[in-house]
Amino acid sequence: MSVELLAPENQATLWLPPREMWLHDPAKDGYLETPTDQYGLVDLDKLIALVKGTVSPEFSWESPFNDVHHLQWYARNYPVTVGDNDVVNMNEFRELINRKVFISRVTHNRAHQVTLPAKIPSDEVMLHSIKAERTALQLYRTARLATRLTRMPHIPEKKLVQRLNEEYENYTLYVENAREVPKEFSLLAIEEVEAQSVDEMLLVNKRLGRLALDTIPIRHRRILQAA
């Protein structure tokens, strides 16, 4: 599969490293394979290291613009699929929070310039990835809602107890769903998110919040710090 090399005259406007700082020229040296793990999922940390290694260490990756890079590209390779639960929605997989990264536009462009898109993972891997993120987010959002309920000053005590019990029932259901996700794909350690009561669910909310499950990973600052 060929990748269109960005024209040299567009480098300034598209924020690419200057040619004199390239250690790897894809037009001459060939395109690089995108690093993936044993399941065919793009390895974010290895990808960043690979892209940085194609440019002189003296180059500054600072950029006036940062944006989201989809780890699984091209978009056309991951169409919207409508079907039953056993039919993977490839677009949903591509749009998973942990299948994206927030980086500088310079890094984003250079990644597209020097690497080949990874092969599409198997349907099984995509389904497991979708279910893993879906169940993790359900737990996080349910526990967060329960915590917010306790902070509402004007909610009657009886109503609060009722709502908290309802959310606890939802939470325990989502924990059971999370158990069905293979450990190698799970975003959570089940033993750390189990809750035997409403109070335990409220405590777990703090742990889930620290995981930032609903936030696209940010690598821009790490890239600059490692420069």
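What you see below is based on every heavy atom in this structure, not just the backbone, and it leaves out hydrogens, waters and symmetry mates. This one's a predicted model, so the numbers in the text were calculated from it and none came from an experiment.
- Across all non-hydrogen atoms, the minimal contact from V106 to E62 is CG2-O, 4.1 Å.
- A salt bridge links E167 with R163; the closest basic N to acidic carboxylate O contact falls under 4.0 Å.
- Of all heavy-atom pairs between V181 and H128, the closest is CG1-O, 4.3 Å.
- Neither L23 nor I48 shares a network with the other; the hydrophobic side chains, linked directly or stepwise wherever heavy atoms of I, L, V, M, F, W or Y lie under 4.5 Å apart, form separate groups for each.
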request  = Go through R144 and D214 one step at a time and tell me if the side chain to side chain contact (heavy atoms under 4.5 Å, CB included) criterion holds.
outcome  = CA-CA 12 Å; R144 181 178 59 179; D214 61 344; 3.7 Å; yes

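- No donor-acceptor distance shorter than 3.5 angstrom exists from the side chain of R105 to the backbone of W15, with no hydrogens or angles considered.
- Annotation: the span from R110 atom CZ to H69 atom NE2 amounts to 13.5 Å, rounded to 0.5 Å.
- Put simply, the side chain of H24 gets close to the backbone of G30: a donor and an acceptor are under 3.5 Å apart.
- In this structure, W73 and H112 have perpendicular ring planes: the angle between them is above 60°, well past the 30° mark.
- N89 contributes no side-chain N or O that, together with a main-chain N or O of V80, makes up a donor-acceptor pair within less than 3.5 Å.
- Taking hydrophobic clusters as Ile, Leu, Val, Met, Phe, Trp and Tyr residues chained together by side-chain heavy-atom distances below 4.5 Å, V42 does not share a cluster with L50.
- For Y168 (side chain) and Q196 (main-chain N/O), a donor-acceptor pair under 3.5 Å exists by modelled atom type.
- By the 6.0 Å contact criterion, CD on E200 is enclosed, its count of non-hydrogen atoms from other residues, nucleotides or ligands being greater than 12.
- In this pair, F93 and Y78 present their aromatic rings tilted. The plane angle is within the 30 to 60° band.
- Formation of a donor-acceptor pair under 3.5 Å by the T115 side chain with backbone atoms of L32 is not found in this model.
- Side-chain polar atoms of T142 and N170 form no donor-acceptor pair below 3.5 angstrom.
- Atom CG of L188 and atom CG of L213 lie 6.0 Å apart (nearest 0.5 Å).
- Open room surrounds CD on E124; 12 or fewer heavy atoms of other groups in view lie less than 6.0 Å from it.
- Hydrophobic clustering (ILVMFWY, side-chain heavy atoms < 4.5 Å, transitive): M201 and L137 are in one cluster.
- Remark: E191 pairs with A189, E194 by the side chain to side chain contact (heavy atoms under 4.5 Å, CB included) rule, at least two apart or across chains.
- Under a 3.5 Å cut-off, the side chain of R99 and the backbone N or O of L41 do not form any donor-acceptor pair.
- Cluster membership for V114 and Y74, using ILVMFWY side-chain heavy atoms within less than 4.5 angstrom, is not shared.
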inquiry  = Working note: F102 + T215, criterion side chain to side chain contact (heavy atoms under 4.5 Å, CB included); need CA distance, chi angles, decisive distance, verdict.
reply    = CA-CA 10 Å; F102 190 74; T215 304; over 6 Å; no

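- Using a distance-only test at 3.5 Å, with no hydrogens or angles considered, a donor-acceptor pair links the side chain of R94 to the main chain of Q72.
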ask   = Can you list the steps and then say if I216 with I97 is a side chain to side chain contact (heavy atoms under 4.5 Å, CB included)?
value = CA-CA 5 Å; I216 295 174; I97 293 170; 4.2 Å; yes

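- The cluster map of Ile, Leu, Val, Met, Phe, Trp and Tyr, joined by side-chain heavy atoms under 4.5 Å apart, puts L149 and V161 in different clusters.
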task = Quick one: do V198 and Y171 satisfy side chain to side chain contact (heavy atoms under 4.5 Å, CB included)? Show the steps, please.
result = CA-CA 9 Å; V198 168; Y171 188 87; over 6 Å; no

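- Minimum heavy-atom separation, T172 to A195: CG2-O, 4.4 Å.
- Heavy-atom contacts from other residues, nucleotides or ligands closer than 6.0 Å to CD of E58 number 12 or fewer.
- Remark: side-chain polar atoms of W22 are paired, donor with acceptor, to backbone N or O of P17 under 3.5 angstrom.
- At a threshold of 4.0 Å, the pair E92-R134 counts as salt-bridged, since one of the basic side-chain nitrogens sits closer than that to a carboxylate oxygen.
- In summary, R19 and D25 engage in a salt bridge, as defined by a charged side-chain N under 4.0 Å from a carboxylate O.
- Taking all atoms of both residues into account, the shortest heavy-atom contact from A143 to L208 is CB-CD1, 4.1 Å.
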